[in-house]
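Everything below concerns the one structure shown next.
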Protein chains: 2
Amino acid sequence: MPHLIDDAEALLHEHGFKITGQRTLLLQVLAGQSTYLDAEEIYELAHAQDTSISLATVYRTLNLFADLGLVDHRYIEPEHRREVFRMSEGPEQHYLTCVRCGARVLIHANLLNRMAHELVRRKGVSVITACACFTGYCPDCTAELQQTGKLPTGNSLPG
Amino acid sequence: MPHLIDDAEALLHEHGFKITGQRTLLLQVLAGQSTYLDAEEIYELAHAQDTSISLATVYRTLNLFADLGLVDHRYIEPEHRREVFRMSEGPEQHYLTCVRCGARVLIHANLLNRMAHELVRRKGVSVITACACFTGYCPDCTAELQQTGKLPTGNSLPG
DNA sequence: TTCTTTGCAAACAGTTTGCAGTGTT
DNA sequence: AACACTGCAAACTGTTTGCAAAGAA
């Protein structure tokens, strides 16, 4: 984990950006998380360590990190309004957001990657970002709703 | 086309909503489009027919239509901030938005549907909405950039 | 006549930005 | 010492809402 932070700071330095307390703190906060957080959540976590940090700096820093490729930057909420960020590490993640309890169900990216490849091959486009956002019910809510007869057991799909 | 509008008005009536000039106008505007439009664009088109219509009414009406299942309601821009709407008709559409010229490349939904099915089967979730959003370069921009050597010919993919 | 719907303007949420002061290099 | 970075507060964008007037049933 400190590895990641050192590498990130090296990258910052390499690009002529300064290593400030706020940037280091935000790297620590991000490195300690495995899921996406929104700017407010990241701000809360950082603010708990250093009460002087501002939300504006959180936004500016997250955008800087995103430009440098240090963090992924996505919109995964049911209403895709709020940006969410996480350290760019490991394979891409996609989510189904449960509209009943808010849980996020992690989705492996194989199929989406296959989709991106087909696009490239068949349409002649280039893909920069691919994002799949699902809403629905998480396994627990699905089971609960089915038991109470509020959801048909033949799982419905959109369309 | 008038079919669609009649059906929509019947549905409104059936749910106890009133058929107003604004609602009919917005149905006409929507029925005349095959692609997603944002609220502002829809407002412009409607306003050209009836200068008294307001943006607030456009938003309220689009939300009502979405609740009734008359229109699809999505976030497909590179920054998924702005909502877009289109008449719910025919198969689901997904897009790649070109970050260079803004073009939207239409994507068939087969693979995304397959992805949704796998989710249901493997994770025990229920899917309500599925949305795939890609950014990249459209075929024209891809070709142009590749000819000027600004993009490698082995098309890059995210990750 | 009743109760929904509308237009207007103000509110709202999330994000960005101008500025003067602070801190890294 | 130079200049990037920060906090603050104000601006901005897209969307929603309270209210009084207008309109559909």
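Letters go in sequence order (proteins before strands), and every chain restarts at 1. Predicted, not measured: the structure shown is a model, and the values here were computed from it.
Proximity of A:Asn63 to the phosphate of C:dT15: no side-chain N or O atom is located under 4.0 Å from OP1 or OP2.
Under the rule for a salt bridge (charged side-chain N to carboxylate O under 4.0 Å, His left out), B:Arg114 has no partner lying at least two apart in sequence or in another chain. In terms of the salt bridge (charged side-chain N to carboxylate O under 4.0 Å, His left out) criterion, residue partners of B:Arg104 (sequence neighbours excluded) are, by chain and number, B:Glu77. A search for salt bridge (charged side-chain N to carboxylate O under 4.0 Å, His left out) contacts involving A:Glu144 returns A:Arg100, not counting sequence neighbours. Residues passing the ring pair (Phe, Tyr, Trp, His ring centres under 6.0 Å) test with B:His47 are B:Tyr43, sequence neighbours excluded. Every residue two or more places apart in sequence or in another chain that forms a side-chain contact (heavy atoms from CB on, under 4.5 Å) with B:Ser54 is listed here: B:Ala56, B:Thr57. Applying the salt bridge (charged side-chain N to carboxylate O under 4.0 Å, His left out) criterion to B:Glu118, with sequence neighbours excluded, gives B:Arg122. For A:Phe85, the ring pair (Phe, Tyr, Trp, His ring centres under 6.0 Å) partners two or more places apart in sequence, or in a different chain, are A:His73.
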What side-chain donor-acceptor pairs closer than 3.5 Å can you find for residues 19-29 of chain A, not counting sequence neighbours?
unit_1	atom_1	unit_2	atom_2	d
A:Thr20	OG1	A:Arg23	N	3.2
A:Arg23	NH1	A:Lys18	O	2.8
A:Thr24	OG1	A:Glu9	OE2	2.7
A:Thr24	OG1	A:Thr20	O	3.2

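Legend: ring-ring contact (aromatic ring centres under 6.0 Å, His included) pairs involving residues 16-38 of chain A, not counting sequence neighbours, sorted by first then second residue: A:Tyr36-A:Tyr95.
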Detail all sub-3.5 Å separations between protein N/O atoms and N/O atoms belonging to nucleotides 2-6 of chain C.
unit_1	atom_1	unit_2	atom_2	d
C:dT5	OP1	B:Lys18	N	3.2
C:dT5	OP1	B:Arg23	NH1	2.6
C:dT5	OP1	B:Arg23	NH2	3.3
C:dT5	O5'	B:Arg23	NH2	3.3
C:dT6	OP1	B:Thr20	OG1	2.8
C:dT6	O3'	B:Gln22	NE2	2.8

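Rounded to a whole Å, the CG atom of B:Leu62 is 13 Å from the C1' atom of D:dT16. The nearest whole Å value for the distance from the CZ atom in A:Arg81 to the C1' atom in C:dC12 is 10 Å. Rounded to an integer number of Å, the gap from CD1 of A:Ile19 to P of D:dT6 is 11 Å. To the nearest angstrom, C1' of D:dG14 lies 9 Å from CG of B:Leu55. Rounded to an integer number of Å, the gap from CG of A:Asp67 to C1' of C:dT16 is 14 Å. Rounded to whole Å, atom C1' of C:dT24 lies 10 Å from atom NE2 of A:His13. At whole-Å resolution of the value, CD in A:Glu9 and C1' in C:dT24 are 13 Å apart. Atom NE2 of B:His73 and atom P of D:dG14 are 14 Å apart (whole Å).
Near-neighbour residues of DNA chain C inside residues 41-48 of chain A, defined by a heavy atom below 4.0 Å, are absent.
Each end of the helix from C:dT1-D:dA25 to C:dT25-D:dA1 yields a helix axis from five base pairs, and these two axes differ in direction by 30° (to the nearest 10 degrees).
Cluster annotation: B:Val105 and A:Leu119 are assigned to the same hydrophobic cluster (Ile/Leu/Val/Met/Phe/Trp/Tyr, side-chain heavy-atom contacts under 4.5 Å, transitive).
Checking side-chain atoms of B:Gln33 against main-chain N and O of B:Leu30 turns up no donor-acceptor pair under 3.5 Å.
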